[in-house]
Amino acid sequence: MSVAGIADPEAAGSLHQRILSDISEKILSGTWAPGYRVPFEHELTEQYNCSRMTVNKALSQLAKAGLIERRRRSGSFVRRPRSQAAVLEIHDIRIEVEALGLAYRYERVARHKRRSNAEDRSLLELDEPGPVLALECLHFAGERPFAHEQRLINLAAVPEAADEEFLDIAPGPWLIGRVPWSEAEHRIRAVGADSGMAQALDIDPGAPCLVVERRTWGAERPVTHVRFTYAAESHTLVARFRPSQG
């Protein structure tokens with residue numbers, strides 16, 4: 001007995017995979033942005049000429065993978081992908097984005113070389129004035145902003161950074177490739193997006209954000225201070241540890 005034009009389980013299985021593949025591709029490519037309503041079950045049943053059970057199975061799998069959110073009586077909606085980063089690691093944001101199956105893009109917004117002011121010296125823990133490089137950058141996942149970066153580089157510790165424009169490479173991986181770090185400090189806090197950050201991350205003013213600040217040292221000299229700001233709904237920090245012995 002056939003159901004909605006499906007004559008055998010193998011055909012139903014292949015349609016299930018096709019529905020999964022088609023919807024996943026639209027989400028991961030950014031064609032369907034976060035908040036987009038996925039066609040209703042009966043619409044997908046008609047589109048793919050299959051049983052409602054096959055459609056329901058595919059949507060359930062997409063929800064389990066975190067790509068969509070199913071709301072009773074309202075339908076299914078595309079979720080903003082959530083990245084995970086280890087709290088104590090110095091990682092490349094490109095890896096976070098690509099782990100979500102999204103295309104990564106980097107943009108340098110501003111670059112200023114200057115003599116350090118009082119705030120710079122406080123952030124870098126410098127004892128006296130000296131040259132610094134201030135950078136503002138954006139990291140994208142697909143078509144959407146993923147993280148906003150504000151960074152200070154101590155040019156006394158990394159003089160070659162003064163000649164780097166950082167147009168094609170983000171400062172994080174550039175520094176990791178050139179300056180061995182010996183110590184790092186992380187600070188994590190939650191803030192509401194001000195108007196400037198809301199515009200940069202394409203979120204509503206006041207929306208919750210996760211801020212990760214990091215200082216690194218090399219050979220006991222301050223190297224860089226960086227502040228990453230993420231939309232809170234798109235990022236999770238993970239710590240894995242074992243009980244101390246003793």
Side-chain angles (χ1 to χ4, degrees), residues 3-6 11-85 93-107 138-148 188 190-212 228-238:
V3 180
I6 303 301
S14 62
L15 268 173
H16 164 254
Q17 291 300 324
R18 182 180 161 199
I19 296 168
L20 275 177
S21 177
D22 288 354
I23 295 179
S24 297
E25 183 179 353
K26 286 183 173 68
I27 293 173
L28 296 177
S29 68
T31 302
W32 289 359
Y36 180 89
R37 183 182 66 75
V38 177
F40 287 115
E41 284 190 15
H42 72 270
E43 294 173 322
L44 292 171
T45 296
E46 294 176 6
Q47 178 182 342
Y48 289 94
N49 190 29
C50 65
S51 71
R52 195 152 183 169
M53 182 181 296
T54 298
V55 169
N56 186 276
K57 180 181 176 183
L59 294 179
S60 295
Q61 191 167 338
L62 289 163
K64 187 176 181 180
L67 293 178
I68 66 171
E69 176 185 1
R70 307 190 75 181
R71 303 174 190 169
R72 190 176 181 183
R73 297 182 182 177
S74 298
S76 299
F77 297 84
V78 176
R79 293 184 61 182
R80 183 186 293 272
R82 293 182 67 89
S83 73
Q84 291 189 350
I93 289 183
R94 175 192 290 272
I95 295 173
E96 291 182 55
V97 171
E98 292 179 347
L100 296 171
L102 297 172
Y104 170 81
R105 181 168 66 85
Y106 157 79
E107 177 183 318
L138 273 174
H139 303 264
F140 291 81
E143 297 301 316
R144 293 187 60 82
F146 179 76
H148 179 267
I188 303 163
V191 300
D194 60 21
S195 58
M197 191 58 66
Q199 182 176 3
L201 291 177
D202 192 19
I203 55 179
D204 294 330
C209 292
L210 185 68
V211 176
V212 180
F228 292 111
T229 305
Y230 301 83
E233 64 179 14
S234 69
H235 197 70
T236 300
L237 289 171
V238 179

Evaluate the side-chain proximity of V211 to I188: yes if any heavy-atom separation is below 4.5 Å, no if none is.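 No - every pair of side-chain heavy atoms lies 4.5 Å or more apart.
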Do I19 and C50 have side-chain heavy atoms sitting under 4.5 Å apart?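 Yes, close enough: below the 4.5 Å cut-off.
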Once rounded to the nearest 0.5 Å, what's the spacing between atom [atom1] of [X] and atom [atom2] of [Y]?
X   : Y   : atom1 : atom2 : result
T45 : N56 : OG1   : CG    : 9.0 Å
W32 : K26 : CH2   : NZ    : 5.5 Å
I68 : R37 : CD1   : CZ    : 12.0 Å
S24 : L67 : OG    : CG    : 5.5 Å
N49 : L44 : CG    : CG    : 12.5 Å
F40 : E46 : CZ    : CD    : 12.5 Å

If we ignore angles and hydrogens, is there a donor and acceptor under 3.5 Å between the side chains of S51 and T54?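 S51 vs T54: donor-acceptor pair found between side chains.
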Is it true that R70 and S60 share a donor-acceptor pair across their side chains at a distance under 3.5 Å?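 Their side chains do contain a donor-acceptor pair, which is all the 3.5 Å distance test asks for.
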Steps toward salt bridge (charged side-chain N to carboxylate O under 4.0 Å, His left out) verdict (R79, E69): CA-CA 6 Å; R79 293 184 61 182; E69 176 185 1; 5.1 Å; no
Shortest non-hydrogen contact from A193 to C209? CB-SG, 3.7 Å
Does a side-chain N-to-carboxylate-O contact under 4.0 Å join E96 and R94? no
Take atom [atom1] in [X]; do more than 12 heavy atoms of anything else shown fall under 6.0 Å from it?
X    : atom1 : result
E43  : CD    : yes
E25  : CD    : no
E143 : CD    : no
M197 : CE    : yes

Q61 side chain vs A58 backbone, donor-acceptor pair below 3.5 Å: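 Side chain of Q61 to backbone of A58: no pair is present.
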Would you say R144's side chain and D202's backbone share a donor-acceptor pair under 3.5 angstrom?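 Answer holds: yes.
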So, is the end of the R18 side chain (NZ or CZ) under 6.0 Å from the ring centre of Y48 and within 45° of the ring's axis? no
Begin with the C-alpha distance, continue with both residues' side-chain angles, and end with the deciding distance and a verdict on side chain to side chain contact (heavy atoms under 4.5 Å, CB included) for L62 and V38. CA-CA 11 Å; L62 289 163; V38 177; over 6 Å; no
Could you tell me if the ring centre of F146 sits under 6.0 Å from that of H139? no
Can I93 and Y104 be said to form a side chain to side chain contact (heavy atoms under 4.5 Å, CB included), step by step? CA-CA 9 Å; I93 289 183; Y104 170 81; 4.2 Å; yes
Which class fits the ring pair F228 and Y230: parallel under 30°, tilted 30 to 60°, perpendicular over 60°?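 F228 and Y230: tilted rings.
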